[in-house]
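This report refers to the structure that appears directly beneath it.
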Amino acid sequence: MASSQDPFYITTAIDYPNSRPHIGTAFEKIGADAQARFQRMKGRDVHFLMGNDENTIKVIQRATELGLEPKPYVDDMARQFQEVWTALNVSNTDFIQTSQSRHHIGSRKFIQAVYDAGHIFKKTYTGLYCNGCESFKTEKELIAGRCPNHQSQELKQVEEENYFFRLSDFADRLLEHYRTHPEFIKPDSRLNEIVNLVESGLQDVSISRKGFVWGIPVPFDEDQTIYVWFDALLNYITAIGYGSDDETLYLKYWPADVHVIGKDITRFHCALWPAMLMAAGLPLPKSVYAHGFVYNKGEKISKSAGTAIDPMTVYQTFGTDPFRYYFLKECVFGSDGNFSEERFVELYNSDLANNLGNLYSRTISMCVRYFEGNLEGSSTINPTDWKSGLDLGELANELDDLVSRFEYSQALQTIWSQILDRANRYIQNTEPFKLIKTDREACKQVLANLADAIRVTGILLKPFLPGTAETFYRSFNFEDSGSWDSLDFQQIANPPSGRPDYRVTAALEAGKPLPMFPKIQPSTES
RNA sequence: GGCGGCGUGGCUCAGUGGUAGAGCAGCGGUCUCAUAAUCCGCUUGUCGUGGGUUCGAUUCCCUCCGCCGCUACCA
């Protein structure tokens, strides 16, 4: 068992708070959360960071539209974001806002260190500036040579002095790192893309802007502010106190075990970020996991096209665990997934209501109905019948492997086929509802086995469906011999020794548990 | 254009040099503890196209068709 001192640092991308999160954002947080919860079960000391990326032009624009000052606006958005994450039972241990002083302090310290090391230089940038947008435009954005948002205005050629980071100096070292650390970029397809990118040659990148009041001033030139990407990436170390008076957390948790990000920002995390760290002489994160996107019935999620779905709507309709289950099971984390309400209802009814919830109902009901919830003498029963032919120790290892690799869909599929289907089949084959009429002891034997299956389910679902898992684990007196807080996968192999008789402790109504996942009637329209 | 990936039953996907599997959906049957759930059985596939290698390819190679990702400095 891993030492409780063994740190595990996991992060998600920080989000632009220029609008509320959509289900794609939620997908990332839930995937990271499953990993965080899993690592806690392994005894790791998990630090799980999330946050918002607030030092951007769009944030100011949005605040201005609403007639607000930037800071109250971003604070309110941070509150709204965290409200969503709380609703989805995301167990982050910190939430950083890049407008916070800890981020400003650490970022200034960092850029100064890179500057002092000679990796930053000043250069004049020339570009097309749109007065309407108060920003530069790329050639690609232009429509008929003009800003798409301000067609009536001419674009101006403007020169500006900015600071640049010598990214080009790091190509060889980056390639060497990819080669010697193949686990640095996952999934593998992303690694190939990044290697390709770096091999094709890196150019120096500008890392500051002139004349912005919102943002982090460059310490060696206060007229400039640190450009968003250089700024944003630093949240991973500023959040844990890099550059502050107390670097205890930084020393404990850095380098991070994994940055969980969307596939669109892989290059920033796998090329720019490690180069920045090299420039500052800091260790690199152990790995970056780039997950896929969620589409709305095959359509890209886009606010302007109206295809964005608010996680809160889904959550309020279906609940936290069904929401989590859908994305963890239906959308392979490393690939793109799809969301549709039809599919949601299908999966909910078949996997959660019919299979998982029903196993719970029928098991508890029989225990209560036949034995008043007390399986007297069951402490001596060794519940091996239900899992005959299955090596749970091996299964625990297999699942451990899958979850470590973010293969949640595969893991859940395995739990369903190996545990839940097996338990339901066991009931059908042993027919405890008939045994009770002929052989009370044999019936009790079967129910004791089912109690163990419920225990195993409670343990295995813990990283994915924490609420449901806890309900399962607390439906019998399992806590008497194994605390809910200290469960790990290996414990599925055998019930704890010295355990008391099984006793139902689940909440009941008229002798039955309430349906955990009430069946949803599929909508008949469309 | 360059690099890479994909194209398998209605849907989502797995898979192997010897002519294919799972889950869901659908259909039929069954038990009755349970959320009309469970359990059992069944149907559907030219494994994108055309070639090649091979005794034999869905699996290896090439052409083509279709789809997708990356192609950095959103200044």
Side-chain angles (χ1 to χ4, degrees), chain A residues 56-58 125-130 133 135-141 155 158-160 162 164-165 167-168 187-210 227-230 263-268 270-272 290 292-293 298 329-332 335-338 340 342-343 346-370 409-410 412-414 416-417 420-421 423-436 443 446-447 450 512-520 522:
Chain A
T56 70
I57 308 168
K58 287 194 174 166
Y125 171 82
T126 308
L128 295 170
Y129 188 85
C130 171
C133 297
S135 69
F136 285 90
K137 296 288 154 187
T138 54
E139 293 287 337
K140 277 189 258 176
E141 297 179 82
L155 290 164
V158 173
E159 287 189 358
E160 183 174 306
N162 290 139
F164 279 71
F165 172 57
L167 180 60
S168 57
D188 291 334
S189 53
R190 302 292 159 209
L191 171 63
N192 298 335
E193 289 176 7
I194 295 299
V195 168
N196 233 308
L197 170 73
V198 177
E199 278 180 344
S200 73
L202 292 173
Q203 289 178 26
D204 298 333
V205 292
S206 90
I207 56 166
S208 75
R209 298 289 179 274
K210 198 167 185 177
Y227 176 59
V228 286
W229 265 111
F230 203 85
K263 61 178 184 179
D264 55 329
I265 53 177
T266 313
R267 61 172 187 263
F268 298 108
C270 298
L272 176 59
F293 287 160
K329 169 74 189 303
E330 182 72 5
C331 308
V332 173
S335 312
D336 293 341
N338 244 304
S340 82
E342 296 72 44
R343 181 61 190 147
E346 226 172 67
L347 199 67
Y348 176 102
N349 281 339
S350 67
D351 286 11
L352 297 179
N354 294 352
N355 197 320
L356 178 67
N358 190 231
L359 172 66
Y360 177 84
S361 288
R362 61 200 307 214
T363 299
I364 305 283
S365 293
M366 283 191 282
C367 288
V368 171
R369 182 160 162 178
Y370 303 149
S409 177
Q410 192 65 44
L412 287 167
Q413 202 175 306
T414 302
W416 254 253
S417 69
L420 300 174
D421 290 349
N424 275 320
R425 210 179 307 127
Y426 176 69
I427 298 178
Q428 191 61 33
N429 294 339
T430 55
E431 303 184 309
F433 40 85
K434 280 185 184 165
L435 282 178
I436 190 61
C443 177
V446 169
L447 294 181
L450 289 173
K512 285 181 168 191
L514 288 171
M516 212 179 274
F517 303 103
K519 208 134 176 210
I520 301 169

Exercise. Could you please spell out the steps behind the side-chain hydrogen bond (donor to acceptor under 3.5 Å, both in side chains) verdict for A:D421 and A:N355?
Key: CA-CA 7 Å; A:D421 290 349; A:N355 197 320; 2.8 Å; yes
Could you give the [atom1]-to-[atom2] distance, from [X] to [N], as a whole number of Å?
X	N	atom1	atom2	value
A:Y426	B:A34	OH	P	18 Å
A:N358	B:A37	CG	C1'	4 Å
A:N349	B:U38	CG	P	10 Å
A:N192	B:U71	CG	P	14 Å
A:F293	B:C68	CZ	P	15 Å
A:N424	B:C31	CG	C1'	13 Å
A:I427	B:U32	CD1	P	14 Å
A:D351	B:U12	CG	P	17 Å

Separation between the [atom1] atoms of [N] and [M], rounded to whole Å:
N	M	atom1	answer
B:C70	B:G28	P	46 Å
B:U59	B:G9	P	15 Å
B:C60	B:A14	P	15 Å
B:G18	B:G1	C1'	41 Å
B:A75	B:C62	C1'	44 Å
B:G4	B:U43	C1'	39 Å
B:C55	B:G17	C1'	12 Å
B:U35	B:G45	P	39 Å

Report which part of the nucleic acid [X] touches: base, sugar-phosphate, or nothing (heavy-atom distance under 4.0 Å, all strands).
X	result
A:I207	nothing
A:D204	base
A:Y227	sugar-phosphate
A:S365	sugar-phosphate
A:E431	sugar-phosphate
A:F268	nothing
A:R190	sugar-phosphate
A:S208	base

Using Watson-Crick or G-U wobble geometry with both distances below 3.5 Å, tell me the partner of [N], or none.
N	answer
B:G1	B:U71
B:C47	none
B:G17	none
B:U38	none
B:C24	B:G10

Looking only at heavy atoms, which two atoms of [X] and [Y] are closest? And how far apart?
X	Y	answer
A:Y360	A:P513	CE2-CB, 3.7 Å
A:F165	A:I207	CB-CG2, 3.7 Å
A:N162	A:R209	ND2-CA, 3.9 Å
A:I427	A:M366	CG2-CE, 4.1 Å

Options [options], nucleotide nearest the side-chain atoms of [X]:
X	options	answer
A:Y370	B:C33, B:U35, B:U32	B:C33
A:R343	B:A37, B:C70, B:C24	B:C24
A:Q428	B:C31, B:U35, B:C73	B:C31
A:A353	B:A34, B:U35, B:A72	B:U35
A:K434	B:C39, B:A72, B:C31	B:C31

hbond_proxy [X] side chain to [N] base (donor-acceptor, 3.5 Å cutoff):
X	N	answer
A:E160	B:A75	yes
A:N162	B:A75	yes
A:E346	B:C24	no
A:R209	B:A75	yes

Exercise. Would you kindly compare A:S361 and A:N196 by the position of their nearest RNA chain B nucleotide and give the one closer to the 5′ end?
Key: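 On the 5' side of the pair lies A:N196.
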Quiz item: Given that A:M366 and A:D421 both sit by RNA chain B, which one's nearest nucleotide is further toward the 5' end?
Solution: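 Between the two, 5'-proximity favours A:M366.
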Would you indicate, yes or no, if [N] has its OP1 or OP2 atom less than 4.0 angstrom from a side-chain nitrogen or oxygen of [X]?
X	N	value
A:K512	B:U35	yes
A:R369	B:A34	yes
A:K263	B:C70	no

Quiz item: Just how far is it from atom NZ of A:K263 to atom CD1 of A:I265, taken to the nearest 0.5 Å?
Solution: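 Taking NZ in A:K263 and CD1 in A:I265, the distance rounds to 12.5 Å.
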Quiz item: Is any side-chain heavy atom of A:V205 less than 4.5 Å from a side-chain heavy atom of A:Y227?
Solution: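 Heavy-atom side-chain distance check fails, nothing below 4.5 Å.
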Exercise. Verify side-chain contact (heavy atoms from CB on, under 4.5 Å) between A:V195 and A:N192, making sure each step is shown before the conclusion.
Key: CA-CA 5 Å; A:V195 168; A:N192 298 335; 5.9 Å; no
Practice problem: Classify the ring geometry between A:F517 and A:Y348 as parallel (under 30°), tilted (30 to 60°) or perpendicular (over 60°). | Solution: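 Perpendicular, since the angle between the ring planes exceeds 60°.
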